[in-house]
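All residue numbers refer to positions in the sequence shown, counting from 1.
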Amino acid sequence: MAESAPESWTDTERALWAAFREGEVFDRRCGQDDIDDPFGDAPWGPGRTVGAEVLAHLLLAGPQPTAGRVASLRMSGVNITGSLNLAGGHIERYVELRGCRFEHKILLSEASATTVRMVDCLFPRLEASRLSTTGDLHLARCRIPEGIRLTDAKIGTDLLLNLAHIGADRYGRAVSADGMTVHQDFEAERVEVHGELSVRTARIGGRFSLRGAQLHADPQNRVCLNAVRIVVGHTLYLTSSSDDGWAGSRSYYGSGYGENPQPGSTSTPFRAFGQVRLSDARFDAACLISGEFHLEGDDELSLRRIHTPELRFTCGFRPTGTVSLSRARVGNLVDHPESWPLGKHLGLTGFVYENLRPVEQFTVQQRIAWLEGSAVEFQPESYEQLAAALRRDGADDDAREVLYAKQRRRRETLPLPARIWGLVQDVTVGYGYRPGRAGLWLLLAWALGSIWFDTHRPDPLKPDEKPHWNAVLYTLNQLLPIIDLNQGAWNPGGAGQWIAAGLVVVGWLLASTVVAGATRLLQRG
């Protein structure tokens, strides 16, 4: 293999050849920020320009390194003309480009590589479907106005898009990464995306972090994040990013990389302007959601059928559209009352959770309102699910309150006769969940019965006997028929007979409720 650059190359390209063999950084920056800015308008002359075919030659058929050196393509402040086509190629050398400009899109489809790092670079589009790397793929701080394709790509370690600005293709997609595999972390913190970020069926071995990301749906495609059936080996972050360390940082990622905001510190929230789809996703550690969801019309934050040990839904800004958790299964549900949407924009059909761990006070009445704010009609299983979770936490009284609310809500769905009977049960005994109410009715019946029989004394059962009369004890004997207070020697007639029979019926209906409530109280004691 020739150890000198081709004769047709320019002096700049020959210098790059030498730097490649030495493994040195080919730095063409002048030190003036306004000129060196890859996103600015300052022209870069021939001394900073290299043809794309030169890069392809170096990476696919490059020279051997100088003795004792490791060849690599490391450039800063270089303008690349032409289309860089490495599709199907095998790239053995380390690649790191900083502050470079590409005039045309980069083609890496079906290619294999070790580690590829492009930081602060400008290129129209990246085509890298089925790209395979053994190391990282870094696109931090890059601007890619026509989007990225990483469909079915396999990233050996980390994929980083921190602080990148990504636009959409003609179909409204900014990042097309369906079926992608990332063996470790996928970090896209503070990324700004105008178009759909699609990672359907992707598998991420570590974290998937969108802390501080700004996602804007394209007008022709109302989806801004599409992560249907994604599998994340650790945690999904749709949360805020601390401002400390990011502003003005010139490092790869910002010194605030990977950190959660401290209490009281300024932060940039995750924001989604469009639909967010996480249906059928699995998060093996947790799913953390505390961003802003600006949903319009039929837009939805879909968490349908997700599986995760912990769901933290702690948005400080109520979602303006629908949030659906239908048939989702989570372990701990961590939330607070102000996080959930209002106005029948909540789907809880078949939502299963083991424990409730609110970060702020979440009263049982607020929980009931949370259930009844669901977008569907009455569903008894939602009340049973909430009551079961409260019982597991030892909140038996709150669980009974939920079941009482379930009966009252069920009554609204019944025919008129059943609604009337249900209202009677509610007023008298609270469907069995208000034993104190039954006790009050018993006291009222006792008082009224005592007043009646005090002025309407019945005849003795045996005329020749003269038992002692006590209207109060006689009434109580009728109300508590299983207890004998030695008041059975009287024979009421006429209206008194009907009143006595009514007292017996009322006693059977109400006393059993009072006794059941007292038994539960003693058992808890």
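Ser382 and Gln385 form no side-chain donor-acceptor contact under 3.5 Å, judged by distance and modelled atom types alone. A donor-acceptor pair shorter than 3.5 Å can be found between the side chains of Glu196 and Asn226. Between the side chains of Thr114 and Thr134, no donor N or O sits under 3.5 Å from an acceptor N or O. No donor-acceptor contact under 3.5 angstrom links the side chains of Glu189 and Ser241, judged on distance only. In the model, Thr322 has a side-chain atom that pairs as donor or acceptor with a side-chain atom of His345 under 3.5 Å. Side-chain contact check for Asp243 and Thr268: at least one donor-acceptor pair (N or O, by modelled atom type) lies under 3.5 Å. Side chains of Ser279 and Arg277: no donor on one and acceptor on the other come within 3.5 Å. Checked by atom type, the side-chain pair His216/Gln214 shows no donor-acceptor distance below 3.5 Å. Between the side chains of Ser129 and Ser109, at least one donor N or O lies within less than 3.5 Å of an accepting N or O. In this model, a donor atom of one side chain and an acceptor atom of the other lie less than 3.5 Å apart for Ser112 and His90.
Between Pro341 and Gly321, the closest heavy-atom pair is CB-O, 3.5 Å. Shortest non-hydrogen contact noted between Leu278 and Ile306 is O-CG2, 3.2 Å. Contact record, Ala56 with Leu86: CA-CD2, 3.7 Å, taken as the closest heavy-atom pair. Looking at every heavy atom in both residues, Lys105 comes nearest to Ser83 through O-OG, 3.5 Å.
Although no hydrogens or angles enter the test, the distance criterion places a donor-acceptor pair under 3.5 Å between the side chain of Trp44 and the main chain of Ile35. Arg48 places a side-chain N or O within 3.5 Å of a backbone atom of Gly77 that can act as its donor or acceptor partner. Side-chain atoms of Asp136 never come within 3.5 Å of backbone atoms of His138 as a donor-acceptor pair (strictly under, hydrogens ignored). No donor-acceptor pair closer than 3.5 Å links the side chain of Arg143 to the backbone N or O of Leu122. Of the possible polar contacts, none joining the Glu372 side chain to the Ala369 backbone as a donor-acceptor pair under 3.5 Å is found. A donor-acceptor pair is defined here as one N or O able to donate and one able to accept, closer than 3.5 Å; such a pair exists between the side chain of His183 and the backbone of Ile155. Remark: the backbone N or O of Pro46 is paired with a side-chain donor or acceptor of Thr12 at under 3.5 angstrom. Without hydrogens or angle criteria, Asp169 side chain to Tyr171 main chain gives a donor-acceptor distance under 3.5 Å. A donor-acceptor pair is defined here as one N or O able to donate and one able to accept, closer than 3.5 Å; such a pair exists between the side chain of Thr308 and the backbone of Phe283.
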Before giving the answer on side chain to side chain contact (heavy atoms under 4.5 Å, CB included), spell out for Tyr94 and Val116 the whole-Å C-alpha distance, their side-chain angles and the decisive distance to 0.1 Å. CA-CA 7 Å; Tyr94 173 77; Val116 177; over 6 Å; no

Would Asp36 and Arg29 count as a salt bridge (charged side-chain N to carboxylate O under 4.0 Å, His left out) here? Give the steps. CA-CA 6 Å; Asp36 289 336; Arg29 293 174 295 182; 5.6 Å; no

Test salt bridge (charged side-chain N to carboxylate O under 4.0 Å, His left out) on Glu187 and Arg207; report intermediate values, then the result. CA-CA 7 Å; Glu187 301 283 352; Arg207 301 175 303 164; 2.6 Å; yes

Determine whether Arg391 and Asp396 satisfy the following criterion, salt bridge (charged side-chain N to carboxylate O under 4.0 Å, His left out), listing intermediate values before the conclusion. CA-CA 5 Å; Arg391 284 197 201 96; Asp396 291 342; 5.3 Å; no

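For Tyr353, the ring-ring contact (aromatic ring centres under 6.0 Å, His included) test picks out Phe351, with sequence neighbours left out. Residues that satisfy the side-chain contact (heavy atoms from CB on, under 4.5 Å) test with Arg222, not counting sequence neighbours, are Ala217, Gln275, Glu296, Asp299. In this structure His307 satisfies the ring-ring contact (aromatic ring centres under 6.0 Å, His included) test with no other residue, sequence neighbours excluded. Ala213 pairs by the side-chain contact (heavy atoms from CB on, under 4.5 Å) definition with Val191, Leu210, Leu215, Phe270, not counting sequence neighbours. Listed by chain and number, the residues in a ring-ring contact (aromatic ring centres under 6.0 Å, His included) with Phe313 are Trp340 (sequence neighbours excluded).
With Leu311 as the fixed residue, the side-chain contact (heavy atoms from CB on, under 4.5 Å) test singles out one of Asp335, Val334, Asn332, Leu325: Leu325. Exactly one residue among Arg229, Arg149, Arg173 makes a salt bridge (charged side-chain N to carboxylate O under 4.0 Å, His left out) with Asp178. That residue is Arg173. Exactly one residue among Leu97, Leu126, Ile106 makes a side-chain contact (heavy atoms from CB on, under 4.5 Å) with Cys121. That residue is Leu97.
In the displayed structure, His336 atom NE2 is contacted under 6.0 Å by more than 12 heavy atoms of other residues, nucleotides or ligands.
Between Phe317 and Glu338 there is no side-chain heavy-atom pair separated by less than 4.5 Å.
For the pair Arg14 and Trp17, the cation-pi criterion (under 6.0 Å, within 45° of the ring axis) is not fulfilled.
Contact check on Asp120 versus Arg101 returns no salt bridge, with no Lys/Arg side-chain nitrogen under 4.0 Å from an Asp/Glu carboxylate oxygen. Comment: Arg282 engages Asp284 in a salt bridge, judged by a side-chain N to carboxylate O separation of less than 4.0 angstrom. Note on Glu96 versus Arg98: no salt bridge recorded, every NZ/NE/NH1/NH2 to OD/OE distance being 4.0 Å or above.
Sequence neighbours left out, the pairs with a member in residues 68-79 that pass salt bridge (charged side-chain N to carboxylate O under 4.0 Å, His left out) are Glu22-Arg69, Glu24-Arg69.
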